[in-house]
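In what follows, a single structure is set out as structure tokens and then discussed.
Quick note: residue numbers are just sequence positions, from 1. Keep in mind it's a predicted model, so treat the numbers as computed, not measured. Each ligand, and each atom within it, is numbered from 1 in the order the structure gives.
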Amino acid sequence: MDHSLMSLSNSVVSQRVAVLAGHLNGDNRSRPRAVQPHFTSAQATSSSSGIVVSAEVAAALGSGRPVVALESTIITHGMPFPQNLETAQQVEAVVRANGAVPATIAVLHGVPHIGLTAPQLERLARAGTAVRKVSRRDLPLVCALGLDGATTVSATMLLAARAGIAVFVTGGIGGVHRGGELSMDISADLTELGRTPVAVVCAGAKSVLDIPRTLEFLETQGVCVAALGVGEFPAFFTRHSGCKAPCRVDSPQQVAGMIAASQRLGLGGMVIGVPIPEHHAAAGAEVEAAVEQALGEAAQQGTQGSDVTPFLLHRIKELTGGKSLAANIQLVKNNAAVGAQIAVALAALHQS
Ligand SMILES: O=c1[nH]cc([C@@H]2O[C@H](COP(=O)(O)O)[C@@H](O)[C@H]2O)c(=O)[nH]1
């Protein structure tokens with residue numbers, strides 16, 4: 001075993017995992033302060049959770065310091081090498097610079113890891129799409145077969161919650177795909193948001209998706225969706241989706257207050273849409289034209305299911321000559337700063 005890592009069985013985190021595992025199984029009775037370690041260590045075993053938390057993340061969680069979860073599909077499937085590795089490293093640095101501990105999440109050789117070492121991160125980034133994209137439904141298989149897995153928003157949320165991490169930063173969430181009313185192609189991210197108590201800080205959902213139906217579905221799932229500093233739900237590359245955000249928040253402290261209230265009430269996840277900063281927004285019309293073309297090609301080639309998003313991301317990048325990738329990197333870093341500020345505000349609330 002890697003000595004920089006700590007098995008859950010011997011840590012305070014294991015107690016928190018026990019609390020959250022109960023919640024994920026539908027036991028919401030005692031959630032008020034979801035990350036408070038009030039279970040005895042006898043109630044958690046590493047064999048039941050099988051999750052490894054890095055020593056740094058475990059120490060931060062154990063002392064109530066802010067932690068931000070980060071996903072790994074964005075590294076393997078969302079960007080090409082080496083920009084994916086550079087971005088992953090920079091995002092972790094931005095989280096630290098804003099006062100929180102980053103916890104990148106992935107499955108390595110069948111074991112879910114919360115907090116990766118530099119060599120682990122590099123191995124995933126180099127392997128890219130050769131690593132299996134893992135959402136909630138894929139976890140049993142990759143764990144049982146000892147495979148590597150890059151966790152999507154749904155799997156990352158689930159694992160973050162089991163470790164007691166309440167704030168998670170990514171680029172964009174999955175959603176209802178266009179034509180989803182017939183194909184039923186709806187990302188597992190949306191149902192996960194309905195059931196798992198983690199706030200996902202993102203730049204909204206890409207316009208490759210059906211954003212109005214995505215928001216409708218989130219409402220059905222009972223997910224609190226807010227936009228930060230604007231009235232409109234952001235659409236990833238552009239600040240404008242044409243859809244009013246269900247609510248608007250104006251500071252990390254306000255978001256922390258909503259997360260704390262959600263925890264007290266035993267609710268599920270939350271989406272905080274942070275619009276891409278004005279000066280980094282890619283030429284909207286150009287990216288939108290690329291989106292339309294890529295969607296047409298995906299339909300023509302019969303691309304389906306979990307292959308659709310990676311195909312579209314790759315094609316849009318090609319069609320915009322890399323402008324979409326540059327914008328993507330900037331918005332993720334911006335989200336990382338905001339997410340870390342939210343985690344800091346939440347930790348302060350819990351300690352007050
Ligand atoms: O702009 C992006 N949106 C979504 C993804 C990834 O794609 C997943 C959704 O895939 P699907 O539509 O197959 O559920 C998300 O959870 C995330 O991991 C990404 O990398 N970049």
Testing the 3.5 Å rule here: is there a donor-acceptor pair between the side chains of [X] and [Y]?
{"X": "T104", "Y": "E92", "value": "yes"}
{"X": "E192", "Y": "T196", "value": "yes"}
{"X": "T117", "Y": "Q120", "value": "yes"}
{"X": "E297", "Y": "Q293", "value": "yes"}
{"X": "H177", "Y": "Q304", "value": "no"}
{"X": "T151", "Y": "E71", "value": "no"}

So for T156 against ligand 1, with non-hydrogen atoms under 4.0 Å, the contacting part is neither
Take every heavy atom of K133, measure it against each atom of ligand 1, and state whether any distance is under 4.0 Å. yes
Under a heavy-atom criterion of less than 4.0 Å, does H77 contact ligand 1? no
Quick test: of every protein heavy atom, which one is nearest to [atom], and how far off is it to 0.1 Å?
{"atom": "atom 4 (C) of ligand 1", "result": "G172 O, 3.5 Å"}
{"atom": "atom 14 (O) of ligand 1", "result": "S187 OG, 2.7 Å"}
{"atom": "atom 12 (O) of ligand 1", "result": "T309 OG1, 3.1 Å"}
{"atom": "atom 6 (C) of ligand 1", "result": "T73 CG2, 4.1 Å"}

Where do I316 and A294 come nearest, in terms of heavy atoms and distance? CG1-CB, 4.0 Å
Of I75, V200, D189, the residue with the heavy atom nearest atom 9 (C) of ligand 1 is D189
Treating T76 as the side-chain partner and V131 as the backbone partner, does any N or O pair qualify as donor plus acceptor under 3.5 Å? no
Distance-only, no hydrogens or angles: does the N334 side chain make a donor-acceptor pair with backbone N or O of Q330 under 3.5 Å? no
With a cut-off of 4.0 Å, which atoms of ligand 1 are near a heavy atom of [X]?
{"X": "L313", "value": "19 (C), 20 (O), 21 (N)"}
{"X": "H177", "value": "12 (O)"}
{"X": "I74", "value": "20 (O)"}
{"X": "K206", "value": "1 (O), 2 (C), 3 (N), 21 (N)"}

May I ask you to check whether E71 has an N/O atom sitting below 3.5 Å from an N/O atom of ligand 1? yes
